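Shown next, in structure tokens, is the structure this report addresses.
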Protein chains: 2
Amino acid sequence: MDFRLETFLPYRLNQAAERVSQRFAAQYRARYRMTRPEWRTLAALGTYGRMTATEIGVNSSMHKTKVSRAVRALEEKRWLKRSENADDRRIEHLVLTAGGRRIYDEMIELARAYQAELAHLLGEDGLARLEAGLAAVESGLPAATAWRGPSD
Amino acid sequence: MDFRLETFLPYRLNQAAERVSQRFAAQYRARYRMTRPEWRTLAALGTYGRMTATEIGVNSSMHKTKVSRAVRALEEKRWLKRSENADDRRIEHLVLTAGGRRIYDEMIELARAYQAELAHLLGEDGLARLEAGLAAVESGLPAATAWRGPSD
DNA sequence: GTCAGATGGTTGCAGGTGTAACTGTCGATT
DNA sequence: AATCGACAGTTACACCTGCAACCATCTGAC
């Protein structure tokens, strides 16, 4: 029964994800007191401009409660502003404030530097293989939506 | 400033890990009411026999509080037994009970089947590339130990 | 032997998280 | 216009988690 956790794909992937994320996450946590959902929300808004909470969730694969709390946190930091939509009052448009965009720009700089460092650490072909493997996962496995139809 | 989260390695890896883990985690959660740390602890003990909590933590990359709580949970399920060590009374040796081993065997079966299914979904070369990429991460990046010396 | 520091393991606390239930709004059908 | 179901977003609750502090024990230096 030679099963070893260290060769089990879910375990290995989680480990790798943790290793690759850790130092970067430590940065936005320490420098800006941001959580991961907040960073993702900031990144989405910085990249695409005005979005609704639902759009952010789809774009960044986050559950709507995560988005909701991240939006609140960013709002309290004054990095984001809500504005209501007259046509459909269920929706809130979200935009970065000037201050938010400043943080976003700084974060992008950090992200780029980190990505470059990763590329260096992994080596050119290590990186290429990893990206090819990730592409296979992205196209071969269903998105982890935890989705359920309205009446289930 | 064409930064996109979808191309950022930490994000992609986390997404992939979630996709790959999700269905399997759903199984041990639903069938055995186990958390991930419990499954890892069970797997470690099933594979290596008698271990201490610290050894489990090292082997499965878990913080000691996670291990501690997982051990307690498995003990309450009567799947694991502690026994003290006369030479060093700080240490507890942990072993699966007969019942625990039965669950372990079932889980291994599930794990094998799942791994096979993943291999099929990813395709032969998708899998090969992914594993090569993971190997690069494992050898190129420091383990995410969150370690700190005694006085820091 | 004694004491300081290290080590194995547990626990209190302060957060982050998912689930389900909720509010308010919209759209379609009647 | 009244109603029913869908949808955007929020919240209460229970649970998991990390960190720091803790207790007990061991080890080595003296």
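These figures come from a predicted structure and were not determined experimentally. Chain naming here is simple, since letters A, B, ... match the order of the sequence lines and numbering starts at 1 in each.
Aromatic rings from A/F3 and B/Y104 are positioned such that their centres are separated by 6.0 Å or more.
The closest side-chain heavy-atom distance from A/L45 to A/V95 is not below 4.5 Å. Using a 4.5 Å heavy-atom threshold, the side chains of B/Y11 and A/F24 count as separate. Counting only heavy atoms from C-beta outward, the side chains of A/T47 and B/L5 never approach each other to under 4.5 Å. In this structure, B/L134 and A/L9 have side chains that are in contact, with non-hydrogen atoms separated by less than 4.5 Å.
OP1 or OP2 of C/dG9 sits under 4.0 Å from a side-chain N or O of B/T54. For the pair B/T65 and D/dT17, the criterion of a side-chain N or O lying under 4.0 Å from OP1 or OP2 is not met.
The base of D/dG18 lies close enough to the side chain of B/R69 for a donor and an acceptor atom to sit less than 3.5 Å apart. Between the side chain of B/R89 and the base of D/dT25, no donor-acceptor pair of N or O atoms lies under 3.5 Å.
Between the side chains of A/Y32 and A/E106, at least one donor N or O sits under 3.5 Å from an acceptor N or O.
Distance CZ (B/R90) to P (C/dA6): 13 Å, rounded to an integer number of Å. The distance between atom CD of A/E84 and atom C1' of C/dG24, rounded to the nearest whole Å, is 12 Å. When rounded to the nearest whole Å, the span between NE2 of A/H63 and C1' of C/dG16 equals 14 Å. Residue A/K66 contributes atom NZ, which lies 17 Å from atom C1' of D/dT11 at whole-angstrom precision. To the nearest angstrom, P of C/dG24 lies 16 Å from CG of A/D88. A/N85 has its CG atom 9 Å from the P atom of C/dC26, to the nearest Å. A straight line from CZ of A/R82 to C1' of D/dA8 spans 12 Å, rounded to a whole angstrom. Distance A/I91 CD1 to D/dC7 P: 12 Å, rounded to the nearest Å.
Residues of residues 28-42 of chain B that place a heavy atom closer than 4.0 Å to DNA chain D, in numerical order, are B/T35, B/P37.
Pairs of residues two or more places apart, or lying in two chains, that qualify as salt bridge (charged side-chain N to carboxylate O under 4.0 Å, His left out) and include a residue from residues 36-47 of chain A are A/E38-A/K77.
Contact annotation for B/D87: backbone-only contact, meaning every heavy-atom pair under 4.0 Å involves sugar-phosphate atoms and none involves a base.
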